[in-house]
Q: 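Quick one: the structure is below, questions incoming.
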Amino acid sequence: MIKFYNTLTKKKEEFIPIEDKIVRLYTCGPTVYDLAHIGNFRAYIFEDLLHRYLEYRGYKVIRVMNITDVDDKTIKGAKNEGISLREFTDRYIKIFLEDMEILRLKKPDYMPRATEHIKEMVELIKKLLEKGYAYYKDNSIYFSISKFPSYGKLSGIDLSKIKVGARVDADEYEKQDVRDFVLWKAAKEEEGVWWETEIGKGRPGWHIECSAMSMKYLGETFDIHTGGVDNIFPHHENEIAQSECATGKKFVNYWLHCAHLLVNGEKMSKSKGNFYTLRDLLNKGYNPIAIRYLLLSTHYRDPLNFTENSLKQAENTIKNYNEFYQGLNICAEEKYNPEIKKEIEKTREKFIEELDNDLNISPALSHIFNLIKKVNIYFSKGEFGKQNVKEVKEFLEDVDNVLCIIEKKEEFLPEEYLNLIKEREIARKNKNYKKADEIRNILKEKGILLEDTPYGTRWKKIG
RNA sequence: GGCCUGGUAGCCAAGCGGAAAGGCAGCGGUCUGCAAAACCGCUAUACGCCGGUUCAAAUCCGGCCCAGGCCUCCA
């Protein structure tokens with residue numbers, strides 16, 4: 001039984017999809033005006049874990065990740081560079097997709113762009129106008145939150161306590177009530193970005209795209225909607241309001257939000273100089289799989305404190321994990337140890353049990369490490385066979401459908417080195433240790449480390 | 001000001017009422033011809049601080065301190 005913490009009910013609840021064995025999932029995606037930073041990727045990695053784990057548990061997942069390619073920041077960015085909005089956002093979409101691949105983020109089934117769904121947004125706004133939930137003011141269209149009594153149910157916000165003032169953009173758009181939010185922004189000459197539509201000349205507000213696109217691809221009511229905690233209010237609250245008023249139906253059953261990432265215990269910001277994009281870290285030589293692992297290994301609802309030190313630790317973990325995975329290959333014995341299979345199955349059960357519990361990844365990982373320890377004991381005692389190798393590797397590959405941290409390297413050694421290794425094994429058998437050590441040192445200088453195991457000598461490349 | 005998180009060993013991080021998972025780093029040992037790897041042991045009488053509830057608290061309650069988030073377009 002899978003349980004998720006639902007922001008809407010503030011409780012852990014059993015997950016029951018609307019349609020058996022199918023999950024309709026909407027994950028808030030990027031606004032493509034700049035490179036995504038690791039804080040953003042924390043959210044995307046959480047969404048990736050959710051996606052992969054649901055599939056691991058046998059669900060067919062239909063997932064949408066929106067791309068916000070029209071908003072104040074993208075318009076401004078394009079204008080600054082004197083290029084079209086399309087050209088500008090295309091560039092960042094391309095980089096984003098590359099970054100996703102580097103971090104092994106599973107591609108959603110749909111990645112709709114806001115600018116390609118103006119028609120759907122207009123339809124939705126028309127519906128809200130017809131039903132009296134929206135009103136025109138100076139050619140912009142606003143949603144009237146006073147018409148939706150349950151406004152605030154997601155964030156638990158008390159409207160009467162909303163501070164009116166500093167952060168309200170008073171001069172730009174006139175609203176009846178400062179707490180109302182904009183559905184459609186009247187065209188502004190200086191922006192140069194607008195669409196001629198039935199509801200007027202203008203461009204969409206931010207919230208409406210997610211409602212329009214999620215409903216288009218997932219239906220008027222769907223299973224899961226995710227994002228960062230900062231999206232709870234106002235973004236997701238507004239999505240609920242506009243969607244439920246338009247359809248008269250419940251919008252989303254489960255709302256999942258991930259906590260923020262901190263850097264050295266502080267909020268990441270450009271002025272503090274603790275701002276990292278994925279590219280920054282790659283340029284420093286960090287292993288992207290370690291970045292993935294680090295962002296993955298803390299529970300999604302807990303704040304994650306990112307430091308380069310912890311990233312180095314993650315690199316070591318990933319290195320050890322993969323050396324274990326690779327290192328089993330040396331064993332080609334015919335013998336079979338039935339205990340291994342039992343341990344694997346126990347581990348698999350615990351792995352599932354933990355992740356079923358609101359994606360509780362840390363203990364799930366600890367069970368895998370405990371298995372590795374047990375396998376190492378049998379392995380070094382010589383109580384291991386090639387069928388066991390296969391079993392263990394298959395298990396790690398199985399959980400890797402969720403974790404994606406195995407680095408499958410096809411590494412080859414030149415013939416002459418392989419011959420040296422053979423020579424050394426003969427020397428060792430003849431107790432000619434001087435020669436054996438010489439060969440080992442020669443190879444070490446070439447960056448090849450030899451390890452003698454009960455099953456023969458294995459090698460690995462060292463950095 | 002209102003609402004909400006987190007503060008567990010050198011570092012990262014689980015546990016959330018009944019004898020402190022796991023990872024990384026370090027030290028000592030076992031194995032090994034020697035290494036490497038692995039394994040074993042040691043590194044939190046203790047979970048931000050102070051009180052309280054309880055037979056029993058890291059876990060519940062109150063207060064305080066620190067860090068962070070949201071309060072109209074930030075994942």
Side-chain angles (χ1 to χ4, degrees), chain A residues 10 27-31 36-47 68 71-73 145 155-164 166-169 173 175 178-182 185 205-207 226-235 237-238 257-262 265-268 293-294 297-299 301-307 309-321 323-324 327 354 360-370 372-377 379-381 428 431-434 436-437 440-441 444 449-454 457-460 462:
Chain A
K10 319 240 177 326
T27 54
C28 268
T31 301
H37 58 252
I38 48 164
N40 297 317
F41 283 114
R42 201 252 166 126
Y44 303 138
I45 282 189
F46 146 62
E47 288 160 357
T68 302
D71 81 318
D72 292 352
K73 288 188 292 264
I145 60 168
S155 56
I157 209 149
D158 182 348
L159 281 181
S160 63
K161 292 212 174 115
I162 284 192
K163 234 172 66 179
V164 175
R167 296 192 55 166
V168 174
D169 199 0
Y173 298 99
K175 301 183 244 185
V178 285
R179 299 165 306 186
D180 288 348
F181 60 91
V182 67
K185 294 183 171 185
W206 176 37
H207 315 297
T226 70
V229 285
D230 53 330
N231 277 156
I232 296 172
F233 188 88
H235 186 48
E237 196 71 72
N238 290 169
H257 294 96
C258 77
H260 272 158
L261 174 141
L262 302 176
E266 293 182 310
K267 186 181 179 173
M268 184 163 42
Y293 178 79
L294 180 60
S297 57
T298 296
H299 185 79
R301 282 191 290 114
D302 283 333
L304 190 161
N305 186 18
F306 179 90
T307 62
N309 179 37
S310 55
L311 181 53
K312 283 175 193 143
Q313 294 181 6
E315 283 193 325
N316 286 335
T317 305
I318 288 298
K319 182 170 150 279
N320 293 343
Y321 190 84
E323 281 178 1
F324 170 79
E354 297 294 353
N360 200 2
I361 187 95
S362 302
L365 290 170
S366 79
H367 293 128
I368 295 175
F369 288 113
N370 284 331
I372 289 176
K373 185 172 284 186
K374 283 176 183 152
V375 168
N376 271 326
I377 291 170
F379 185 87
S380 54
K381 280 202 273 189
R428 285 185 72 223
K431 299 208 194 302
N432 184 353
Y433 296 122
K434 191 164 172 267
D437 290 350
R440 189 166 60 195
N441 283 333
K444 196 178 175 185
L449 191 72
L450 299 189
E451 294 176 355
D452 299 323
T453 77
T457 299
R458 70 185 175 197
W459 57 270
K460 67 186 179 195
I462 46 174

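Computed over heavy atoms, backbone and side chain alike; hydrogens, waters and symmetry mates excluded. Just so it is clear: chains get the letters A, B, ... in the order the sequence lines come, proteins before strands, and each one is counted from 1.
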Q: Assess whether one donor atom and one acceptor atom, taken from the side chain of A:Q313 and the base of B:rC12, lie less than 3.5 Å apart.
A: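 Check fails, no donor-acceptor contact within cut-off.
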Q: Can you identify which nucleotide, out of B:rC73, B:rC12, B:rA38, has its nearest atom closest to the A:N376 side chain?
A: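 Minimum distance to the A:N376 side chain belongs to B:rA38.
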Q: Which part of the nucleic acid, if any, lies within contact of A:L450, taking any heavy atom under 4.0 Å across all strands shown: a base, the sugar-phosphate backbone alone, or nothing?
A: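 Result for A:L450 = base.
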Q: As a test of your reading of the structure, name each stem of RNA chain B as range with range, where a stem is three or more consecutive Watson-Crick or G-U pairs at under 3.5 Å.
A: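 Output for stems: B:1-7 with B:65-71, B:10-12 with B:22-24, B:26-30 with B:38-42, B:48-52 with B:60-64.
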Q: If you look at every strand shown and take non-hydrogen atoms under 4.0 Å, does A:Y44 touch a base, only sugar-phosphate, or nothing?
A: sugar-phosphate
Q: Using a cut-off of 4.0 Å on non-hydrogen atoms, how would the nucleic acid contact of A:Y433 be classed: base, sugar-phosphate, or nothing?
A: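 Counting heavy atoms under 4.0 Å across all strands, the contact made by A:Y433 includes a base.
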Q: If the plane angle is over 60° it's perpendicular, under 30° parallel, otherwise tilted; pick one for A:H235 and A:H207.
A: tilted
Q: Which whole number of Å gives the distance between the P atom of B:rA36 and that of B:rA46?
A: 36 Å
Q: How long is the line joining NE2 of A:H260 and P of B:rC71, in whole Å?
A: 10 Å
Q: If we ignore hydrogens and angles and just use 3.5 Å, is the side chain of A:S297 paired with the main-chain N or O of A:S362 as donor and acceptor?
A: no
Q: Please report the distance, rounded to the nearest Å, between CZ in A:F369 and C1' in B:rA13.
A: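 Between C1' of B:rA13 and CZ of A:F369: 12 Å.
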Q: Show your reasoning for whether side-chain contact (heavy atoms from CB on, under 4.5 Å) applies to A:H299 and A:N360.
A: CA-CA 6 Å; A:H299 185 79; A:N360 200 2; 4.0 Å; yes
Q: Quantified in whole Å, what is the P atom distance between nucleotide B:rC61 and nucleotide B:rG29?
A: 48 Å
Q: Can you tell me how far C1' in B:rU54 sits from the matching atom in B:rU43, rounded to whole Å?
A: 33 Å
Q: Could you walk me through whether A:R42 and A:T298 pass the side-chain contact (heavy atoms from CB on, under 4.5 Å) check?
A: CA-CA 10 Å; A:R42 201 252 166 126; A:T298 296; 4.0 Å; yes
Q: Would you indicate what A:R458 reaches in the nucleic acid, counting non-hydrogen atoms under 4.0 angstrom: base, sugar-phosphate, or nothing?
A: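 Contact class for A:R458: sugar-phosphate only.
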Q: From CZ of A:R42 over to P of B:rG68, roughly how many Å is that when rounded to an integer?
A: 16 Å
Q: Would you classify A:D230 as touching base, sugar-phosphate or nothing, given that sugar-phosphate means primed atoms plus P, OP1 and OP2, and contacts are heavy atoms under 4.0 Å?
A: base
Q: Quote, to the nearest angstrom, the C1' distance that separates B:rC47 from B:rG15.
A: 10 Å
Q: Could you please name the option among B:rC70, B:rC24, B:rC12 that lies closest to any side-chain atom of A:F233?
A: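 Minimum distance to the A:F233 side chain belongs to B:rC70.
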Q: B:rA75, B:rA21, B:rC24: which one has an atom nearest the side-chain heavy atoms of A:N320?
A: B:rC24
Q: Between B:rC11 and A:K312, counting only base atoms on the nucleotide and side-chain atoms on the residue, is there a donor-acceptor pair under 3.5 Å?
A: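 Between B:rC11 and A:K312, which were checked side chain against base, a qualifying N/O pair under 3.5 Å is absent.
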Q: How would you label the contact of A:D452 with the nucleic acid (heavy atoms, under 4.0 Å): base, sugar-phosphate, or nothing?
A: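 Result for A:D452 = base.
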Q: How many whole angstroms separate atom CG of A:N441 from atom P of B:rA35?
A: 13 Å
